[in-house]
Amino acid sequence: MDINEKKRITDDLQGRLKKSTIVILTDYKGLDVSAMNMLRRKLREANAEYQVAKNSLLVRASEGNDVTLIKDQFKGPSAIALTYGDPVAPAKVLTDFVKDNKNFEIKVGVLNGKVVDSEGIKALSSLPTREVLLAQLLSTMNAVPTSLVTALSDVPRRMLNVLQAIKDQKEAQA
């Protein structure tokens, strides 16, 4: 690879690393081509990318962004999974992939400027997706006004019941 090609790859990778919400570093040794293609397809379905690159290019591309926190981990056969949206989706895909492929390893990740180890990524994968969390939040936000309206409408109803009981009592005395 000539120097211009290396620079182009490094610049492209650096731009994608800056925009990403999560970057997960993996060790893919021992995987065959069909397994790699299956992993790429699953990550693509989760709106994530999977990039295999030389460690020297990854180190250069990590300069000037949060990924520089893990540049000492760029050893051996390394590839990165990254996404620009929901960080849970690629973590789920990679964690599920590890269960079926014992040679595959999740090394470390960077999420919003914080280093996350493989156990943290596994914990992240157990979270519901962004859409589910938003639905739960909306449900909770909708329950508060509904409960308030129910409580406020209950006061006049009780007052009417008391007045009706007083009316019934007076009619029975007369």
Side-chain angles (χ1 to χ4, degrees), residues 12-28 35-51 61-62 64-71 73 79-102 104-174:
D12 176 54
L13 194 54
Q14 187 173 35
R16 290 189 292 156
L17 291 175
K18 282 183 181 179
K19 292 188 295 184
S20 65
T21 55
I22 188 169
V23 176
I24 302 172
L25 181 66
T26 63
D27 183 347
Y28 63 90
M36 286 290 282
N37 288 336
M38 183 175 61
L39 176 60
R40 280 193 170 105
R41 186 177 64 250
K42 287 180 180 180
L43 284 167
R44 206 173 309 117
E45 290 170 0
N47 294 323
E49 299 174 21
Y50 194 65
Q51 176 78 42
S62 69
N65 56 54
D66 295 336
V67 181
T68 194
L69 297 170
I70 61 169
K71 71 179 179 181
Q73 298 286 327
I80 55 169
L82 56 113
T83 188
Y84 310 111
D86 183 17
V88 174
K92 281 184 190 251
V93 170
L94 292 173
T95 304
D96 290 342
F97 192 76
V98 165
K99 292 175 187 172
D100 298 333
N101 298 281
K102 300 302 177 198
F104 187 74
E105 177 190 356
I106 298 172
K107 291 182 179 179
V108 69
V110 176
L111 174 64
N112 296 328
K114 304 258 190 283
V115 176
V116 182
D117 63 354
S118 61
E119 291 302 315
I121 292 169
K122 193 179 293 184
L124 181 66
S125 72
S126 67
L127 290 175
T129 62
R130 182 176 188 273
E131 290 77 21
V132 172
L133 287 173
L134 287 174
Q136 290 173 347
L137 177 64
L138 183 62
S139 173
T140 303
M141 290 172 57
N142 191 24
V144 172
T146 303
S147 299
L148 179 64
V149 168
T150 303
L152 290 176
S153 67
D154 194 43
V155 172
R157 188 177 319 121
R158 287 184 183 194
M159 183 66 160
L160 285 173
N161 289 341
V162 169
L163 292 174
Q164 184 65 39
I166 292 171
K167 177 184 168 197
D168 291 345
Q169 185 180 19
K170 291 206 180 212
E171 285 176 355
Q173 288 178 353

For this session: Applying side-chain contact (heavy atoms from CB on, under 4.5 Å), run through Asp66 and Val23 and close with a yes or a no.
Result: CA-CA 9 Å; Asp66 295 336; Val23 176; over 6 Å; no

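- Note that CG of Leu25 and NZ of Lys107 are 5.0 Å apart. Values are rounded to the nearest 0.5 Å.
- Counting all heavy atoms, side chain and backbone alike, Ile121 lies closest to Gly109 at CD1-N, 3.7 Å.
- For the side-chain contact (heavy atoms from CB on, under 4.5 Å) test, residues two or more places apart in sequence or in another chain that qualify with Leu127 are Val88, Leu124.
- A salt bridge between Lys92 and Asp96 is absent, with no side-chain N of the basic residue lying under 4.0 Å from a carboxylate O of the acidic one.
- Side-chain contact between Ile24 and Ile80 is absent, with no heavy-atom pair separated by less than 4.5 Å.
- Considering only heavy atoms from C-beta on, Ile22 stays 4.5 Å or farther from Leu82 through its side chain.
- Listed by chain and number, the residues in a side-chain contact (heavy atoms from CB on, under 4.5 Å) with Asp154 are Arg157, Arg158 (sequence neighbours excluded).
- Looking at every heavy atom in both residues, Pro90 comes nearest to Thr83 through CG-CG2, 3.7 Å.
- You'll find the side chain of Val110 stays beyond 4.5 Å of the side chain of Val116, heavy atoms only.
- A search for ring pair (Phe, Tyr, Trp, His ring centres under 6.0 Å) contacts involving Tyr50 returns nothing, not counting sequence neighbours.
- Atom CD1 of Ile106 sits about 9.5 Å away from atom CD of Glu119, to the nearest 0.5 Å.
- Here the side chain of Asp117 pairs a donor or acceptor atom with the backbone of Gly120 at under 3.5 angstrom.
- You'll find the side chain of Arg44 stays beyond 4.5 Å of the side chain of Glu49, heavy atoms only.
- For residues 137-152, there are no salt bridge (Lys or Arg N to Asp or Glu O under 4.0 Å) pairs, not counting sequence neighbours.
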Show every donor-acceptor pair shorter than 3.5 Å between a side-chain atom in residues 163-174 and any protein atom, with sequence neighbours excluded, or say none if there are none.
{"residue": "Gln164", "atom": "NE2", "partner": "Asp168", "partner atom": "OD1", "Å": "3.1"}

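- Atom CG of Leu39 and atom CG of Asn101 lie 8.0 Å apart (nearest 0.5 Å).
- Every residue two or more places apart in sequence or in another chain that forms a side-chain contact (heavy atoms from CB on, under 4.5 Å) with Asn65 is listed here: Gln14, Leu17, Lys18, Ser62, Val67.
- Judged by distance alone, the side chains of Tyr28 and Glu105 never bring a donor and an acceptor atom under 3.5 Å apart.
- Listed for the Thr95 side chain is no donor-acceptor partner under 3.5 Å among the backbone atoms of Lys122.
- The shortest side-chain heavy-atom distance between Met159 and Val155 does not fall under the 4.5 Å cut-off.
- Two residues are said to be in side-chain contact when any heavy atoms from C-beta on lie closer than 4.5 Å; Leu94 and Phe104 meet this criterion.
- Between the OG atom of Ser20 and the CG atom of Leu13 there is a distance of 9.5 Å, given to the nearest 0.5 Å.
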